[in-house]
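Below, chains carry the letters A, B, ... as their sequence lines are ordered, and counting in each starts from 1. Keep in mind it's a predicted model, so treat the numbers as computed, not measured.
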Amino acid sequence: MDKKDVARILNEIATLLELKDENPFKIRAYTNAARALEASDIDLTEKTTVEELTRIKGIGSHIAERIKILMDSGTLPLYEELKSTIPPGLVEMLKIPTLGPKKIKYLYDNLGITNVGELEYACIENRLVDLPHFGKKTQENILKGIEAIKKYKEQFLYASVIDGALEVWEKIKNFKYVIRSSIAGSLRRKKEIVKDIDIVASTDESLKVMDFFTSLKEAEEVIAKGDTKSSIRLSSGINVDIRTVTDEQFPYALHHFTGSKEHNIAMRTMAIKDNIKINEYGLFKDDKLIKCYSEEDIYNFFSMQYIPPELRENFGEIEAARNNTLPELIEEKDISGIFHIHTNFSDGNMSIKQCCEELIKMGFEYAGISEHSKTAQYAGGLKEEQIELYFEEIDRLNRQYENQSFKIFKGIESDILLDGSLDYPNEILEKFDFVIVAIHSSFNLSEEEMTKRIIKAIENPYTTMLAHPTGRLLLARDPYKVDIIKIINAAAENNVDLELNASPFRLDLDWRVCKYAKEKGVKIFINPDAHSIQNLYEYKFGVNIARKGWLEKEDVGNTLSLKEMEEYLKNKKMERLKKVSK
DNA sequence: GCCGTTTTCGGCCCGACTGTTTTCAGTCG
């Protein structure tokens with residue numbers, strides 16, 4: 001430990017004290033002491049005495065004592081105590097311009113926000129606009145600030161990079177020396193989180209492609225430039241890697257760079273049994289190239305079905321493709337309506353009417369509006385006396401839409417309380433067409449308690465579906481501890497549906513367990529959890545993940561037509577209540 | 001928490017700017 005280390009710790013203490021809303025002059029004392037120490041010519045060692053330290057102007061007896069303790073033991077109780085009581089995410093939030101300790105503390109105390117990711121999500125859910133001394137502009141500025149600091153993180157949400165990736169690819173695709181090209185890698189596989197953007201291109205003029213690529217105006221920085229491989233960084237902070245091959249090699253390279261690594265390994269292992277070697281340049285038997293013009297040809301050569309990129313995760317797709325049992329994956333056009341929508345009856349920023357008009361424009365047949373329930377006060381959850389008004393508005397609009405074959409289903413997103421019970425008495429729950437249940441509080445239970453709590457909610461006869469089953473916020477908040485397999489089993493036993501929350505921040509149910517849910521016969525609903533018009537379109541991200549999870553049209557609830565959905569919801573309610581009354 | 005002193009408490013830099021709010025709080029430099 002030297003002078004620099006001590007100064008750093010003093011500064012950190014100052015920051016942590018700020019977040020505790022301590023006396024500003026005490027805070028300044030620590031900052032001043034740090035600066036004074038660094039500026040002094042003292043040779044700080046274990047032998048340095050408290051008296052020597054207090055001789056420095058700006059370091060008094062208290063801080064001198066603490067520096068002494070630090071030098072002697074390498075640690076300081078005050079410092080450790082502060083670190084343990086203040087979430088590290090709060091310190092990170094200070095990096096956001098326009099956001100200082102006061103506001104951070106307010107957000108932490110009142111909304112329980114502990115890191116940048118949660119904050120971003122709260123902004124997107126419009127939860128800051130009504131706080132005292134916050135507002136629309138403040139919320140926007142915070143979002144802008146978050147964008148700025150996110151640049152330098154190494155992981156990216158699919159949704160935040162796909163547009164930029166497509167723009168760059170578009171330019172490569174249209175460059176006159178490029179013959180064929182494609183996005184590859186995890187982005188092509190539609191992973192929820194990606195590290196970089198991979199592009200594969202075929203050309204006879206690789207150097208020209210490299211020059212073109214590295215001089216794109218999108219290239220904030222050129223990371224590497226070689227003869228067949230280059231890398232640039234976009235202003236969003238993500239790297240784009242390009243790899244060029246001859247056109248003959250293109251399908252093999254595309255397959256190779258699409259991955260996943262695990263899929264490639266499994267493919268190679270399979271090929272070895274036929275004495276075939278696979279690499280990015282081709283399929284080889286006794287060093288002789290087996291000609292393929294496309295990826296389809298490659299799979300065909302092994303007598304396999306074509307495996308869509310989303311499935312290439314070595315999750316059983318190779319065996320299925322050989323047995324001709326790959327699923328016929330759901331597509332965007334299969335979705336007939338959207339559930340889990342918040343409007344300005346709770347924390348959404350659109351009216352029910354605006355929402356429905358957009359959905360009609362999008363070609364959908366129904367909307368399942370589901371405001372927050374009364375416990376979710378932070379989100380303007382519906383108090384019991386507001387429900388009649390909410391129903392009246394829906395009835396009024398439904399009369400208008402009758403001729404347009406569009407219908408609004410009356411729903412609620414009911415908080416699952418700590419003991420697993422729901423937020424309203426049965427006589428209120430019974431009035432809704434559907435009831436979505438969800439955890440929004442007390443995330444820190446043990447796995448056993450949390451699982452029990454959720455299963456109790458699933459067993460409630462009024463429950464239609466479970467929203468965001470693990471509560472994760474990608475790159476921000478880990479899932480709460482829950483035995484997801486037991487949850488799926490309980491959903492299957494109780495005829496309760498599971499949501500695949502399509503918000504690009506959630507994508508929860510995880511695709512890795514979708515296949516299991518499908519096998520248990522649980523219906524999945526792809527829900528955008530929309531709070532705005534723009535959010536309505538995010539169902540598409542959910543479709544991506546559903547595809548990764550092997551789901552077909554028939555596995556997904558909201559592919560039913562309006563007529564079918566009316567029946568479905570009615571029957572489900574009846575059957576579940578009947579079962580209980582027995 | 002530091003400093004200074006008319007020696008043990010009272011002051012500690014402050015104005016511009018923004019976004020709220022309708023007179024002010026918070027952030028920045």
Side-chain angles (χ1 to χ4, degrees), chain A residues 3 5-42 44 48-72 75-83 85-87 89-116 119-120 122-150 347 349 378 380:
Chain A
K3 220 156 76 172
D5 294 323
V6 174
R8 182 181 49 80
I9 290 173
L10 292 176
N11 274 321
E12 259 189 79
I13 290 172
T15 305
L16 294 167
L17 290 173
E18 270 195 300
L19 290 167
K20 284 212 127 167
D21 204 16
E22 265 280 5
N23 175 355
F25 301 106
K26 182 172 170 179
I27 295 161
R28 193 178 306 159
Y30 275 94
T31 320
N32 287 343
R35 189 166 342 110
L37 181 67
E38 271 198 299
S40 79
D41 52 12
I42 194 170
L44 193 60
T48 310
T49 62
V50 170
E51 287 72 33
E52 284 175 285
L53 285 164
T54 50
R55 254 178 254 147
I56 302 169
K57 189 167 151 24
I59 297 179
S61 56
H62 277 85
I63 294 183
E65 288 281 358
R66 290 184 166 146
I67 294 175
K68 184 74 187 148
I69 294 169
L70 255 177
M71 292 307 292
D72 287 345
T75 159
L76 182 65
L78 166 75
Y79 177 53
E80 297 303 330
E81 214 260 323
L82 283 170
K83 277 203 297 188
T85 53
I86 297 169
L90 298 192
V91 178
E92 202 198 342
M93 281 159 70
L94 278 168
K95 289 185 201 149
I96 301 169
T98 75
L99 203 55
K102 291 259 179 5
K103 285 198 161 128
I104 290 172
K105 183 166 191 296
Y106 188 87
L107 291 169
Y108 175 55
D109 290 342
N110 292 280
L111 297 184
I113 289 170
T114 62
N115 61 45
V116 176
L119 177 61
E120 180 177 22
C123 290
I124 284 166
E125 280 197 329
N126 257 332
R127 281 162 48 196
L128 268 55
V129 283
D130 290 321
L131 301 179
H133 297 290
F134 287 77
K136 195 154 173 268
K137 211 56 188 275
T138 306
Q139 185 172 272
E140 270 168 28
N141 284 338
I142 290 174
L143 270 178
K144 265 189 224 155
I146 292 174
E147 280 308 311
I149 66 165
K150 260 212 264 176
D347 62 346
N349 70 358
Y378 67 87

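In this structure, the CG atom of A:Asn141 is 12 Å from the C1' atom of B:dC17, given to the nearest Å. When the C1' atom of B:dT20 is taken as reference, atom CG of A:Leu128 falls 14 Å away, rounded to whole Å. Atom CZ in A:Phe134 sits roughly 11 Å away from atom C1' in B:dG19 (whole-Å rounding). Taking atom CZ on A:Arg66 and atom P on B:dC2, their separation rounds to 8 Å, with Å as the unit. As a whole-Å value, the separation of A:Glu65 CD from B:dC2 P is 10 Å. What separates CG of A:Leu131 from C1' of B:dG19 is a distance of 14 Å, to the nearest Å.
Judged as a side chain to side chain donor-acceptor pair (under 3.5 Å), the pairs with a partner in residues 50-64 of chain A (not counting sequence neighbours) are, in order, A:Thr49-A:Glu52.
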field: Steps toward side-chain contact (heavy atoms from CB on, under 4.5 Å) verdict (A:Tyr79, A:Leu70)
entry: CA-CA 10 Å; A:Tyr79 177 53; A:Leu70 255 177; 5.7 Å; no
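If you find the closest nucleotide of DNA chain B to A:Gly135 and to A:Ile56, the one lying nearer the 5' end belongs to A:Ile56. Comparing A:Arg28 and A:Lys57 against DNA chain B, the residue whose closest nucleotide sits nearer the 5' end is A:Lys57.
The backbone N or O of A:Asn126 lies less than 3.5 Å from no partner atom in the side chain of A:Lys136, so there is not a single donor-acceptor pair. Proximity of a side-chain donor or acceptor of A:Lys3 to a complementary backbone N or O of A:Ser40 within less than 3.5 Å is detected.
Between B:dG15 and B:dG10, the distance separating the two C1' atoms is 24 Å to the nearest Å. B:dT21 and B:dG26: their C1' atoms are spaced 13 Å apart (whole Å). Spacing between B:dG11 and B:dT5 at atom C1', rounded to whole Å, works out to 12 Å. B:dG29 and B:dC13 have their C1' atoms separated by 12 Å, with the value rounded to a whole Å. Annotation: B:dT20 and B:dT27 have their P atoms spaced 13 Å apart (nearest Å). Between B:dC2 and B:dT7, the two C1' atoms lie 15 Å apart (nearest whole Å). Distance check on atom C1': B:dT23 versus B:dC17 gives 16 Å, rounded to whole Å.
Here the closest non-hydrogen pair linking A:Thr98 and A:Asn141 is OG1-CB, 4.0 Å.
A:Ile59 comes within 4.0 angstrom of sugar-phosphate atoms only, judged by non-hydrogen atoms across all strands, and of no base.
By the 4.5 Å heavy-atom criterion applied to side chains, A:Leu119 and A:Ile104 are not counted as neighbours. Contact annotation: the side chain of A:Leu19 never approaches that of A:Leu82 to less than 4.5 Å [non-hydrogen atoms, C-beta and beyond]. Using a 4.5 Å heavy-atom cutoff, the side chains of A:Arg66 and A:Ile13 are not in contact.
Using a 4.0 Å cut-off between charged side-chain N and carboxylate O, A:Glu140 and A:Lys144 make no salt bridge. In this structure, A:Lys20 does not pair ionically with A:Glu22, as no charged nitrogen and carboxylate oxygen lie closer than 4.0 Å.
Near DNA chain B, meaning a heavy atom under 4.0 Å from it, residues 9-26 of chain A has A:Asn23, A:Phe25, A:Lys26 in order of number.
Distances shown here put every side-chain N or O of A:Asn32 at or beyond 4.0 Å from the OP1 or OP2 atom of B:dC2.
B:dT8 is unpaired under the criterion used here, namely a Watson-Crick or G-U wobble arrangement in which both key atom distances are under 3.5 Å.
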statement: Protein heavy-atom contacts under 4.0 Å, written 5' to 3' over nucleotides 22-29 of chain B as B (base), S (sugar-phosphate only) or - (none), form the string ---SSSS-
